Amino acid sequence: FARSGNVFDQAKRFMEKVGPLESNERLCLDLEVSPASSQERALDWVDAFYHELMGGSCSDQRPFIYTSKRKWDEICGGKPWALASEIDLWAPRYNTVGAEPKMPRPWEKRGWSIWQWSDGDFPPHELAGIGECDGNYWRGAEDDLRAYMDTVVSRGREETPVT
């Protein structure tokens with residue numbers, strides 16, 4: 001979750017807490033609150049955060065950013081972002097009618113990779129044995145998702161394939 005403060009210290013602490021990533025893990029910055037005092041500084045902060053992460057142990061795994069068009073416009077001024085071509089968008093838009101999320105400017109042509117359509121509460125979404133949980137769509141075929149996530153054996157236990 002993006003917070004104001006020294007971006008390099010935050011990225012370093014983040015990676016220390018996360019540790020080395022498994023092949024099926026991706027990092028994601030939740031950009032819902034501005035980490036800086038202005039839109040220009042916020043975009044610089046986001047850029048520096050990802051440059052720091054991508055120069056580290058996550059450089060082989062394409063990271064995500066979780067943000068909406070409204071939040072990107074509010075926090076970063078709706079500006080383009082050169083690094084967006086290397087960052088996949090996880091876009092929220094909770095609804096029951098299937099209307100896709102509006103795209104922040106940097107992802108207008110490419111679109112979202114993951115769309116969160118439910119937070120578990122709205123619209124209601126439950127899975128047997130889990131209960132209320134987020135609902136997400138993956139853009140692409142199931143085989144593409146399996147290849148992307150490389151769901152095999154992770155951390156010494158069998159992972160449940162994505163369905």
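If you're wondering where the values come from, they're calculated on a predicted model, not measured in any experiment.
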Would you say that Pro104 contacts Leu89 through its side chain, given a criterion of any heavy-atom pair below 4.5 Å between the two side chains? yes
In the single-linkage hydrophobic clustering (I, L, V, M, F, W, Y; side-chain heavy atoms under 4.5 Å), do Val7 and Val33 co-cluster? no
When rounded to the nearest 0.5 angstrom, what is the spacing between OH in Tyr137 and CG in Leu145? 14.5 Å
So, for Arg3 and Pro35, which heavy atoms are closest and what is the spacing to 0.1 Å? O-CB, 3.5 Å
Heavy atoms of other groups near Lys79 NZ, more than 12 under 6.0 Å: yes
Residue pair Trp90 / Cys28, side-chain heavy-atom distance below 4.5 Å: yes
Are Ile114 and Asp88 close enough that some pair of their side-chain heavy atoms sits under 4.5 Å apart? no
So do Cys133 and His125 actually touch side chain to side chain, heavy atoms under 4.5 Å? yes
Which heavy atom in Phe64 sits nearest to a heavy atom in Ser113, and how many Å separate them? CE2-CB, 4.1 Å
What heavy-atom pair brings Ala99 and Trp115 nearest, and what distance separates the two atoms? O-CZ2, 3.2 Å
Would you call the rings of Phe49 and Trp45 parallel, tilted or perpendicular, taking 30° and 60° as the class edges? parallel
Could you point out which residue of Lys69, Arg139, Arg93 forms a salt bridge (charged side-chain N to carboxylate O under 4.0 Å, His left out) with Glu100? Arg139
Would you say that Trp117 contacts Pro123 through its side chain, given a criterion of any heavy-atom pair below 4.5 Å between the two side chains? yes
Considering non-hydrogen atoms only, spot the tightest contact between Thr67 and Lys71 and give its length. OG1-CB, 3.5 Å
Does the distance from a Lys or Arg side-chain N to an Asp or Glu carboxylate O, for Asp73 and Arg105, drop under 4.0 Å? no
OG (Ser118) and CD (Glu126) are apart, to the nearest 0.5 Å, by 10.0 Å
What are the two closest non-hydrogen atoms of Arg110 and Glu86, and how far apart are they? NH1-N, 4.5 Å
Taken to the nearest 0.5 Å, the spacing of Ile87 CD1 from Met54 CE works out to 4.5 Å
Calculate, to the nearest 0.5 Å, the distance between atoms CZ and CH2 belonging to Arg146 and Trp138 respectively. 12.5 Å
Output the distance between atom CG (Leu31) and atom CD1 (Ile75), rounded to the nearest 0.5 Å. 4.0 Å
Looking at Ser34 and Ala42, what are the two nearest heavy atoms and their distance? OG-CB, 3.7 Å
Under a 4.5 Å cut-off applied to non-hydrogen side-chain atoms, are Tyr66 and Glu32 in contact? yes
Check whether any side-chain N or O of Gln39 sits under 3.5 Å from a backbone N or O of Glu74 as a donor-acceptor pair, and report yes or no. yes
Working to the nearest 0.5 Å, report the span between CD1 of Ile65 and CH2 of Trp107. 4.5 Å
Flag if over 12 foreign heavy atoms under 6.0 Å of CZ, Arg13: no
